[in-house]
**Student:** 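Here it is: the structure, laid out below.
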Amino acid sequence: MGLIQLFDKKAKVLLGVDISSSSVKLLELSRSGSRFKVDSYGVVPLPPNIVVEKNVQDVPALADALKKLVAKTKSRVRDVAVAVAGSAVITKVIDMPADLSELGLENQIMTEADQYVPYPLDEVALDYEVLGPSEANPDQVEILLAACRHENVDTRVSALEMAGLRPGAVDVEVFAIERAFRLIGEQFEDIGDQVVAIADIGATVLTLSVLVDGKTLYTREQLFGGRQVTEEIQRRYGLSMEEAGQAKKQGGLPEDYETEILEPFKEALIQQIQRSLQFFFSSSQYNYVDQLVLAGGVAAMSGLRREVEEKLGLPTTIANPFANMAIGSKVNAVALASDAPAMLIATGLALRGFE
């Protein structure tokens, strides 16, 4: 579902650009038959405070990072799909008369939207998607209404335009994850109507999405992420933030790093995932999940999958949306495999161009 009507919704190749608090990621896909191919991809780190808790604070600095990313990937595509955080979007399913024309439907939604949006309508971007006939009344259709404050959209759009890119679609991170899950679901046997939880663990935010039959049933964001490890390395060993980040990736830290920093972080992470699952159980008809998928930059942490699986008692996998894709000759396949768990949102955004 597109978030705002400002942009063209016709299918065309779109770069998936994921803007997080620690990096910007770009993915370009093509398709031959039913198989996708990675034509280009790249990741550029962001200095602290350019994006804070998924809110863009420094548009020119973000634009500079995007320019570097485009130059690094050498992609010639300029149309981009980008996303806002699910917490920045209000969604509501409403019923509308089934006999309305498209224009009539839009006018009716604009007339009634202020009942569901707690902000003045001139401060928000609105979009909707027709879900299908209403189960309660065959003369009506169910409409998914989405609203997001302009500031959350405009800062991303401005940074893209300053970087010489064209905003082609503004999506919601949760919907991008749902779209990318179609590729991951192909890797499971008998996925059917299984209840699948995806824990997307970024630098500062942990997002838990629960999908049933491939549709998002529940999502929850909480402030917790891999930057805590970097900050603890910085504090304990007297390093700069940049040095701590490099040491975390490249190794060479003192012997007590694993016992004093890494293991306590893993324990805290598992508790956070377990807590999010408990919130899901208490607010839905389900008291179980069948599969847990770990995504985000933290997911590839050595030994994490095994510990999560053992302590939560859940079959656990690491997200890899590229498992069944062809890899272009210009793409570093080793680097892509390493970054794969963190590319879930970028993948879901790139897939927008094929709908």
Side-chain angles (χ1 to χ4, degrees), residues 1-10 14 16-21 51-57 59 80-98 100-134 136 140-161 167-179 200 205 207-211 215-223 279 283-284 345 348-349 351-352 355:
M1 188 192 82
L3 179 63
I4 42 184
Q5 294 281 11
L6 294 175
F7 305 137
D8 184 7
K9 288 189 178 182
K10 293 178 181 177
L14 294 171
V17 174
D18 176 20
I19 300 169
S20 72
S21 59
V51 179
V52 178
E53 294 174 18
K54 304 197 176 182
N55 296 309
V56 179
Q57 304 293 322
V59 171
V80 171
V82 72
V84 294
S87 57
V89 181
I90 297 167
T91 58
K92 179 77 175 178
V93 176
I94 60 177
D95 285 349
M96 289 282 171
L100 287 175
S101 65
E102 185 172 346
L103 181 59
L105 189 60
E106 288 186 11
N107 290 335
Q108 188 76 9
I109 288 171
M110 290 304 296
T111 301
E112 298 187 17
D114 59 355
Q115 300 178 39
Y116 311 107
V117 179
Y119 310 113
L121 291 185
D122 60 357
E123 294 181 7
V124 299
L126 284 172
D127 200 7
Y128 69 92
E129 181 177 34
V130 179
L131 299 178
S134 169
Q140 295 195 312
V141 290
E142 289 187 341
I143 304 292
L144 176 61
L145 178 68
C148 178
R149 291 179 72 98
H150 277 300
E151 61 204 48
N152 292 305
V153 175
D154 293 348
T155 51
R156 285 162 170 78
V157 169
S158 296
L160 291 172
E161 291 176 340
V170 179
D171 212 321
V172 184
E173 289 182 355
V174 172
F175 297 154
I177 289 173
E178 180 181 300
R179 200 177 294 112
D200 186 7
V205 178
T207 303
L208 184 86
S209 300
V210 182
L211 295 86
K215 297 295 182 183
T216 304
L217 188 69
Y218 173 89
T219 183
R220 182 175 188 265
E221 294 178 8
Q222 59 195 95
L223 293 178
F279 275 110
S283 62
S284 76
I345 290 173
L349 293 171
L351 289 172
R352 267 294 294 265
E355 292 187 336

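Any value given below was found using the heavy atoms of this structure, including those in side chains, with hydrogens, waters and symmetry copies removed.
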**Student:** Under the 3.5 angstrom rule, does the side chain of Glu178 hit a backbone N or O of Thr216 as a donor-acceptor pair?
**Tutor:** yes
**Student:** Might you point out which heavy atoms bring Gly86 and Val172 nearest each other, and give the distance in Å?
**Tutor:** CA-CG1, 3.8 Å
**Student:** State, to 0.1 Å, how close Cys148 and Ala88 come at their nearest heavy-atom pair, and which atoms those are.
**Tutor:** SG-O, 3.6 Å
**Student:** Using the side-chain contact (heavy atoms from CB on, under 4.5 Å) criterion, which residues pair with Ser158? Sequence neighbours excluded.
**Tutor:** Val59
**Student:** Would you call Lys54 and Thr207 a side-chain contact if the rule is heavy atoms closer than 4.5 Å?
**Tutor:** yes
**Student:** Assess whether side-chain contact (heavy atoms from CB on, under 4.5 Å) is satisfied between Glu173 and Thr219, documenting all intermediate values.
**Tutor:** CA-CA 11 Å; Glu173 289 182 355; Thr219 183; over 6 Å; no
**Student:** Taking CD in Glu102 as the centre, count heavy atoms belonging to other residues, nucleotides or ligands within less than 6.0 Å. Is the count above 12?
**Tutor:** no
**Student:** Can you check whether Leu144 reaches Phe175 side chain to side chain, under 4.5 Å on heavy atoms?
**Tutor:** yes
**Student:** Give the minimum heavy-atom separation between Ala146 and Thr91, together with the two atoms involved.
**Tutor:** CB-CG2, 4.3 Å
**Student:** Under the side-chain contact (heavy atoms from CB on, under 4.5 Å) rule, collect the residues that match up with Tyr119, sequence neighbours excluded.
**Tutor:** Ile90, Val117, Glu123, Val124, Arg149
**Student:** Quick check for you: to the nearest 0.5 Å, what is the distance between Ile109 atom CD1 and Met96 atom CE?
**Tutor:** 5.0 Å
**Student:** About how many Å separate CG of Leu14 and CG of Asp171, when rounded to the nearest 0.5 Å?
**Tutor:** 10.0 Å
**Student:** Please report the shortest heavy-atom distance between Val170 and Arg352, naming the atom on each side.
**Tutor:** O-NH1, 4.5 Å
**Student:** Within this structure, what is the CG-OG distance for the pair Leu217 and Ser283, rounded to the nearest 0.5 Å?
**Tutor:** 8.5 Å
**Student:** About how many Å separate NZ of Lys92 and OH of Tyr116, when rounded to the nearest 0.5 Å?
**Tutor:** 7.0 Å
**Student:** Taking side-chain contact (heavy atoms from CB on, under 4.5 Å) as the definition, give me every residue that meets it alongside Leu100, ordered by chain and number, with sequence neighbours left out.
**Tutor:** Pro97, Leu105, Gln108
**Student:** Can you measure from CD1 (Ile345) to CD1 (Ile177) and round to the nearest 0.5 angstrom?
**Tutor:** 4.5 Å
**Student:** Nearest heavy-atom pair of Arg156 and Ala83: which atoms, and what distance?
**Tutor:** NE-O, 3.0 Å
**Student:** Return the CG to CD distance between Asp95 and Glu142, rounded to the nearest 0.5 Å.
**Tutor:** 5.5 Å
